[in-house]
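Structure record follows, encoded as structure tokens.
From a predicted model like this one, the values you see are computed outputs, not experimental measurements.
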Amino acid sequence: SGETWNPFKLQYQLRNVRERLAKALVEKGILTTEKQNFLLFDMTTHPVSNASEKQRLLKKLQESVLERWVNEPQRMERRTLALLVLAHASDVLENVFASLADDKYDVAMNRTKDLLDMDPEVEAAKGKGTEMIWAVLAAFNKS
């Protein structure tokens, strides 16, 4: 229908995307599948089975904002930019930086805030293959 990947209809697609991502991560051995009983219903959950992979991602995000920081998002690795946007959309950025010392935590949060406060339309127009990442950020910022 053309609406499937419309970034402005993103909130309607998140459940399907989340389920497909979870299935792929289960197949790779990073997550497991469990049934949990929530009083009135059973629900499938996907706890982390590979803690080292989780730690690798946390370290990658921390390093990208601290040691390998570039002031221009166009020079940032696209996967890292996408990971930052999705961590922000999932509301887990504070958890990512929680293990840092206070001064590094402040630097990391300020840098990500500056990055995420940029105008997605302006940044998407600058190109280099990040248009969809900025469109996703714009969609999350509107909802």
Side-chain angles (χ1 to χ4, degrees), residues 3-39 41-143:
E3 295 294 322
T4 304
W5 288 104
N6 182 344
F8 298 106
K9 306 271 186 193
L10 195 60
Q11 64 272 16
Y12 302 116
Q13 301 300 323
L14 285 179
R15 182 170 183 224
N16 294 334
V17 171
R18 186 173 48 242
E19 289 174 4
R20 290 172 63 194
L21 285 172
K23 180 182 176 192
L25 291 172
V26 166
E27 290 172 358
K28 291 182 180 188
I30 296 171
L31 300 179
T32 60
T33 302
E34 293 180 0
K35 291 271 189 194
Q36 282 194 347
N37 188 336
F38 291 99
L39 198 55
F41 57 92
D42 288 337
M43 183 174 181
T44 303
T45 60
H46 300 284
V48 175
S49 65
N50 188 344
S52 63
E53 189 64 24
K54 178 181 176 182
Q55 290 304 318
R56 186 187 69 79
L57 280 175
L58 292 175
K59 185 142 181 79
K60 179 177 182 169
L61 278 175
Q62 290 171 354
E63 287 177 354
S64 69
V65 175
L66 295 172
E67 286 90 28
R68 295 183 286 128
W69 179 249
V70 291
N71 282 329
E72 300 171 13
Q74 299 80 24
R75 292 183 14 206
M76 186 177 283
E77 183 183 330
R78 286 183 292 184
R79 285 182 174 211
T80 303
L81 178 61
L83 193 57
L84 281 169
V85 167
L86 293 175
H88 163 67
S90 301
D91 203 23
V92 296
L93 268 179
E94 287 187 21
N95 297 345
V96 169
F97 303 134
S99 64
L100 297 172
D102 288 343
D103 56 335
K104 288 187 177 187
Y105 176 86
D106 291 338
V107 169
M109 289 302 288
N110 287 334
R111 286 179 177 172
T112 54
K113 183 183 180 312
D114 292 343
L115 176 73
L116 298 168
D117 285 344
M118 291 181 170
D119 185 356
E121 289 187 30
V122 171
E123 297 304 319
K126 294 179 183 176
K128 291 199 178 181
T130 60
E131 297 89 353
M132 185 55 77
I133 297 169
W134 291 108
V136 168
L137 179 61
F140 278 119
N141 286 344
K142 288 183 182 180
S143 58

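The salt bridge (charged side-chain N to carboxylate O under 4.0 Å, His left out) pairs that include a residue from residues 80-106 number zero, where partners must be two or more places apart or lie in different chains. Among pairs with a residue in residues 129-140, those fulfilling side chain to side chain donor-acceptor pair (under 3.5 Å) read Thr130-Trp134, at least two apart in sequence or across chains. Residue pairs meeting the salt bridge (charged side-chain N to carboxylate O under 4.0 Å, His left out) criterion with at least one member in residues 46-56, sequence neighbours excluded: Glu53-Arg56. Judged as a salt bridge (charged side-chain N to carboxylate O under 4.0 Å, His left out), the pairs with a partner in residues 62-71 (not counting sequence neighbours) are, in order, Lys59-Glu63. For the side chain to side chain donor-acceptor pair (under 3.5 Å) condition, the pairs that include at least one residue of residues 108-119, sequence neighbours left out, are Lys113-Asp117.
Listed by chain and number, the residues in a side chain to side chain donor-acceptor pair (under 3.5 Å) with Ser99 are Gln62 (sequence neighbours excluded). Shown here are the side-chain contact (heavy atoms from CB on, under 4.5 Å) partners of Ala87, two or more places apart in sequence or in another chain: Leu61, Val92, Leu93. Under the side chain to side chain donor-acceptor pair (under 3.5 Å) criterion, Lys35 pairs with Thr44, sequence neighbours left out.
Residues Met118 and Leu137 form no side-chain contact, since every pair of their non-hydrogen atoms from C-beta on lies 4.5 Å or further apart. Within the 4.5 Å cutoff, the side chain of Trp69 has heavy atoms near those of the Leu115 side chain.
Looking at every heavy atom in both residues, Val96 comes nearest to Leu58 through CG2-CD2, 3.7 Å. Across all their heavy atoms, Ala108 and Leu100 have their closest contact at CB-CD1, 4.1 Å. Contact detail for Leu84 and Ser64: the closest heavy-atom pair is CD1-OG, 4.4 Å. Looking at every heavy atom in both residues, Tyr105 comes nearest to Phe97 through CD1-O, 3.1 Å.
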Let me have the donor-acceptor pairs involving side chains of residues 72-80, under 3.5 Å, with sequence neighbours excluded, atom names and distances please.
| residue | atom | partner | partner atom | Å |
| --- | --- | --- | --- | --- |
| Gln74 | NE2 | Glu123 | OE1 | 2.6 |

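Taking OG1 of Thr32 as the reference point, atom CG of Leu25 lies at 11.0 Å (rounded to 0.5 Å). For the atom pair CD (Glu27) and OG1 (Thr33), the distance works out to 9.5 Å, reported to the nearest 0.5 Å.
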